[in-house]
Structure formats: C-alpha cells, structure tokens
Amino acid sequence: MDISYIINELGEDREHYFNAVAPPIIQTSNFKVNTVAELKKLFEDEYSGYLYSRGLNPTVDILRKKLAALDGAEDCLVFNSGAAATFAAVLANVKAGDHIVSVEKPYTWAQRMFDVILPRFGVTTTYIDGTLIENFERAILPNTKVIYLESPNSWDYKIQDLPAVAELARSENIITIIDNSYCTPLYQRPIEMGIDIAMQTATKYIGGHSDTIGGVLTGSGAMMKKIFDSEYNNIGSGIQPFNAWMLIRGLRTLPIRLDRITSATQKIAAFLKEHAQVEGILFPFDESFPQYDLAIQQMKGACGLLSFYIRAVTAGQIITFCESLQHIMMAVSWGGHESLILPRCASLAPGEFDPANKEHRMLRLYTGLEDPGYLIGDLEQAFLKAL
Ligand SMILES: *Cc1c(COP(=O)(O)O)cnc(C)c1O
C-alpha cells in the first residue's frame, strides 16, 4: 500500500462526517445501542464494535488502521504511552514460571518491568548481547516464552539480525517483541521479517512535536484481539481520542520530517567526525559503526539519534559544553522538532567520572528540524567554550 495513501486517506470515511478533511475527535465515553441483540453481541465480543471508549473509539480506529498498514501488519492497538504498550505486549504472553530472553539495556521502563514487576509473579529474564544469534540460542530455556528485542537500541544502537531471531523463535514456539521506536515503520518493518509484535513509542517521531504521549503495538489480528480482550481493557491504558487525533496529525508529515532529519543528521555526523574535540561517533549508518553492514541491510534509513565521544578530561568540561549550548536543549526524549542533548555523565555517581572510559564522555544528540547550519554553529561555540 502506498504510504501517501495510508497517511492521507486510509481509514478516513469523510462522507460520514460532513466531508471534513480533518477527522472528528469523537470525545465520548460510551455508545448507544438500538437493540438488545446488539448489546449482547458487544458484551460477548467488545472487539466487534463500539461500546465504551476504554475499548474501541472511532477516532482511535482511524489511527489504528494507518499504523497497522504502515507496519504491513493485520492489526494494531494504540496505548496512552509506549511504556504501556510494552507492558501489555509482554504481560499478555507470559504466566508464572515463564522465562524471557531480552537484549541487554532495553528501554528503561522495559527493564524495570523485567527487573522489578515480573519477578513478583515468578517470571524471570535473562539479558544477552543481541548482536550474536548464538547468544539467543544459548539463553533459551524450555520455559522461554518471549524474546524481547530493541533494534537499534536507543543508547548504543546495537542491532539484532531480525529475520534470524524470528526464525529461531518460531522454531521454539517463542513470541518475539521488538521496540522499533528508533526506525519507525518507515525505516524498518519487523513484522515482514517474521517478528510477532512490533512496538513503537508514538511520542517520538509519530507525534513529532513533543506534545503528545502514545504507544503502538502491531501484529496479527489474533494477537491484537488477545491483548485487547485482557491487558488493553483491563489496564485501561488505551489512548484517548484527542491524543489519537494529535497522532493522526503528526502522521501527515512523518515522511517529510524523517527526510529532513535524515539529511540534517548526516551533516551533523560529518561535522562531528571531522571535529578535533571529538573522538568518534556512534551512528548505525556510519561506516565506522561495528554493525554497519547489518544496519544497511536491515534498515531503510537511520536518523535523528547519534552519539559522540567528546575529548574532555573532566566532567566539568562536559557540563560546560552542555550548558553552553544556546539552541540545542538538554532534555530527555527525542523525535520532536527540537534538537536535544543528553550527557552520559549525568547518570554517573559523584567521583565516578573517568576520562579513560570513553563511555563516560559520551553525549547523545538528537537532531530535530532546525537548519543544520544553525545547529552546527551552536555545537561549535559550545566546543570553544568548553575545551
Ligand atoms: C521513549 C521510548 C519508549 C517509551 O515510550 P513512552 O511513550 O515514553 O512511554 C520506549 N522505547 C524507546 C526506545 C523510547 O525512546
């Protein structure tokens, strides 16, 4: 299906709402029925129609159709956050006594679920370096039910060979879940590589304006119905109609924003690589990246997030660098219009900074929609002040 069709038309029945170009926000909690038979059908299968907006809602459905199609998936559920989407996807596929294999350093709140919440219910997790398929083979136990992936990882950009992991998991009857937030479906379509559930935070590129939180799951119709019937409705973390409308609005410009961010990121990457105060960059589509060949084979693009190692000898210099930036803001998140910086040293204990450890000198930079020359100027003046 054509991406332009998906983004501009799919799921939108304009003749049902006065031919308005923008869809209505169906801000209602409940829906009336006309017959007892209709009510009975909805009680038996809430996934079959509109009963109550904790379940299905027409504005949310427009978004669901578009996001499913972008992923080449049968179906989709949209949550009030990416963290909620991850939680529902995992919870729906484990029970007491089960085991999960996860890539190391998954997104913070995925890791907290594995480390803090699931052990209370007797579900254990083994973390592996997902860059080698043998590590998955070795970690799988008879009770392994889920393999959790994040490719690329949003901190170190490590990549997993998705078709290989999917094939291994299928042969062992294990459900695969991937956090595909870095790429979005425009740059990577995991369902087509055999992954069962693709999760992405919609807070980042889909929303694109740093003003909405949301999360997405795509997969088979049966899997989405299973999650809807239990976790989605029970946790009650489905997205609200207004936020769904914001995300439909964000989707309209997703391809053009990704194009712009991709070309700007390349310019910033080239600037940083040449810079005397930079020891190197970490970016999946840079030839120096350890898994460059797999990245270009598996992903259609890479943009926005990259990391670089600053040649600082004290943490103070890194602090001065970050605090000297005039336009690039210091903040968590990414995927919006605004460029952002995050220093790794902010998560170190006092006195732990060791300039010999490259990781301590790492900064994560997100390139937004500003002019790349404007951003390069900002970085350059901060380098001059700090070093
Ligand atoms: C932000 C983020 C999430 C969580 O999404 P929320 O919408 O903030 O809950 C998950 N994975 C990655 C890689 C993220 O960057």
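One-based numbering, in listed order, for ligands and for the atoms of each.
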Between H99 and T124: side-chain donor-acceptor atoms closer than 3.5 Å: no
Any side-chain donor near an acceptor of the partner, Y187 and T262, under 3.5 Å: yes
Give a yes/no on ligand 1: does [X] have at least one heavy atom closer than 4.0 angstrom to it?
X	value
E150	yes
Y182	no
G214	yes

Would [X] count as being in polar contact with ligand 1, using the rule that some N or O on each side must be under 3.5 angstrom apart?
X	result
T203	yes
A83	yes
G82	yes

How far is [atom] from its nearest protein heavy atom, and which residue and atom name does that atom have?
atom	value
atom 13 (C) of ligand 1	D179 OD2, 3.4 Å
atom 4 (C) of ligand 1	Y107 CE2, 3.3 Å
atom 15 (O) of ligand 1	K204 NZ, 2.6 Å

Side chain to side chain, F283 and Y157, heavy atoms closer than 4.5 Å: no
Close side-chain approach of P163 to Q298, heavy-atom, < 4.5 Å: yes
Close-contact set for ligand 1 against W334 heavy atoms, below 4.0 Å: 15 (O)
Ligand-side contact atoms (ligand 1) for residue partner S154, heavy atom cut-off under 4.0 Å: 13 (C)
Output field: ring centroids F383/F321 closer than 6.0 Å: yes
Parallel, tilted or perpendicular: ring planes of H209 versus H337, cut at 30 and 60 degrees: tilted
Geometric class of the W334/Y205 ring pair [parallel <30°, tilted 30-60°, perpendicular >60°]: perpendicular
Criterion side chain to side chain contact (heavy atoms under 4.5 Å, CB included) against V90, the qualifying member of I117, I175, I100: I100
